[in-house]
Amino acid sequence: GTNCVLTTTGVQCWGANNSGQANVPADLTEATAVSVGGGHVCAVVRAGAVRCWGASEHGQLALPVGLTGVTQISAGRYQTCAVTSAGAATCWGENYYGQSVVPADLGVVAEVAAGGYHSCARVASSVRCWGYRGLGATTVPSPAPTIRQVATGTQHTCAVVGDDTRQVQCWGKSTWANYGQADAPTSLSGFTQVDAGMYHTCAVTGSRTVQCWGYNNAGQATVPWWATGVVQVSTAAYNTCVVTEAGAVRCWGDNTNGQS
């Protein structure tokens, strides 16, 4: 896997570099957001423009003409989605399952999340998903809970839900790769953020610790004792990283490519 972080001086990436995704362009400055996909990376830069690099075989680097004013971006396996300051969502890249075709009636979007073969958007306090329907990752629970934040994995979708409880709710599983990645702990609440990886999921609690569940072949779902004071968690294929209150980045799990 590949990891990237946004620092005070720009973007830094490390880990797998088979498609050049860890090679941050030398002229990339003043980035405000970064997101890592399956083999590509995208960043929001000055004036809401977007820069992407890495793998391109599925159109990952073919940015929509005239794309500006981007405030949030999410790189999926082979597709990327972005939200503009006007609340418009757009996606590009692989579209075999329709994951890059944003529904025309979506309305004003607050957040997008690009997954393995599907994409989702948070609209007001609800969520809409599109793309591959065979695994249930696009089937939002009904009645739909109040959505505070959404995250998409390879085969599942998770969200921080509820006005006060802020529990994590997940949906979507695979009969051939069901590792419990969508089995969110129902006894816990007060989560502030969730991230869905390939086959595991992690969330930050109100006390700034981390809870993880799902596939654990490389220890990616086993939270280290030192993972405290966490403000953000990021899950990749087989490793997990966190950002702490002090601005430090710590990772655990698979380290085949030095990503942890």
Side-chain ([X]) to main-chain ([Y]) donor-acceptor, under 3.5 angstrom:
X: S119; Y: Q99; answer: yes
X: Q220; Y: Y215; answer: yes
X: Q169; Y: A184; answer: no
X: Q167; Y: T165; answer: no
X: S19; Y: G54; answer: no
X: T152; Y: A114; answer: yes

Compile the donor-acceptor pairs under 3.5 Å between side chains in residues 58-71 and protein atoms, sequence neighbours left out, one pair per line.
from : atom 1 : to  : atom 2 : distance (Å)
Q60  : OE1    : E57 : N      : 3.3
Q60  : OE1    : H58 : N      : 2.7
T71  : OG1    : V83 : O      : 3.2

Quick one: [atom1] on [X] to [atom2] on [Y], what's the gap to the nearest 0.5 Å?
X: T32; Y: L6; atom1: OG1; atom2: CG; result: 7.0 Å
X: Y179; Y: N217; atom1: OH; atom2: CG; result: 8.0 Å
X: T240; Y: R250; atom1: OG1; atom2: CZ; result: 13.5 Å
X: C52; Y: I73; atom1: SG; atom2: CD1; result: 5.0 Å
X: W171; Y: C129; atom1: CH2; atom2: SG; result: 5.5 Å
X: W226; Y: W252; atom1: CH2; atom2: CH2; result: 5.5 Å

Given the rule that I, L, V, M, F, W and Y join up when any side-chain heavy atoms are under 4.5 Å apart, are [X] and [Y] in one cluster?
X: W53; Y: V44; answer: no
X: V231; Y: V160; answer: no
X: V11; Y: V249; answer: no
X: L106; Y: V112; answer: yes
X: V24; Y: V5; answer: no

Nearest heavy-atom neighbours spanning [X] and [Y]:
X: G1; Y: N257; value: N-ND2, 3.8 Å
X: G153; Y: A196; value: N-CB, 3.4 Å
X: T235; Y: D195; value: N-OD2, 2.7 Å
X: G98; Y: W130; value: O-CD1, 3.2 Å
X: Q193; Y: Q232; value: OE1-CA, 3.3 Å
X: W213; Y: A182; value: NE1-C, 4.4 Å

Is it true that [Y] and [X] share a donor-acceptor pair across their side chains at a distance under 3.5 Å?
X: Q21; Y: T2; result: yes
X: N239; Y: N255; result: no
X: T222; Y: N216; result: yes

Can you check whether [X] reaches [Y] side chain to side chain, under 4.5 Å on heavy atoms?
X: N17; Y: N23; answer: yes
X: T146; Y: V161; answer: no
X: H118; Y: Y97; answer: no
X: Q155; Y: Y199; answer: yes

Working for side-chain contact (heavy atoms from CB on, under 4.5 Å), residues V45 and E30: CA-CA 6 Å; V45 295; E30 299 184 18; 6.0 Å; no

Audit row: V109, V123, side-chain contact (heavy atoms from CB on, under 4.5 Å) steps and yes/no: CA-CA 5 Å; V109 175; V123 182; 4.3 Å; yes

D27 atom CG, over 12 foreign heavy atoms within 6.0 Å: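 It does: D27 CG has more than 12 such atoms within range.
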
Audit row: N95, Q79, side-chain hydrogen bond (donor to acceptor under 3.5 Å, both in side chains) steps and yes/no: CA-CA 8 Å; N95 194 43; Q79 87 274 21; over 6 Å; no

Of all pairs that satisfy salt bridge (charged side-chain N to carboxylate O under 4.0 Å, His left out), the ones with a partner from residues 110-135, not counting sequence neighbours: D105-R128, E111-R122

Qualifying ring pair (Phe, Tyr, Trp, His ring centres under 6.0 Å) pairs with a residue from residues 1-31, counting only residues at least two apart or across chains: none

Full working for side-chain contact (heavy atoms from CB on, under 4.5 Å) between V194 and Q149: CA-CA 8 Å; V194 65; Q149 183 245 325; 3.5 Å; yes

H156, Q181, Q211 screened by side-chain hydrogen bond (donor to acceptor under 3.5 Å, both in side chains) with T201, the one that passes: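 Of all the options given, the one that passes is H156.
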
Pair V150-T157, side-chain contact (heavy atoms from CB on, under 4.5 Å): steps then yes or no: CA-CA 7 Å; V150 64; T157 303; 3.8 Å; yes

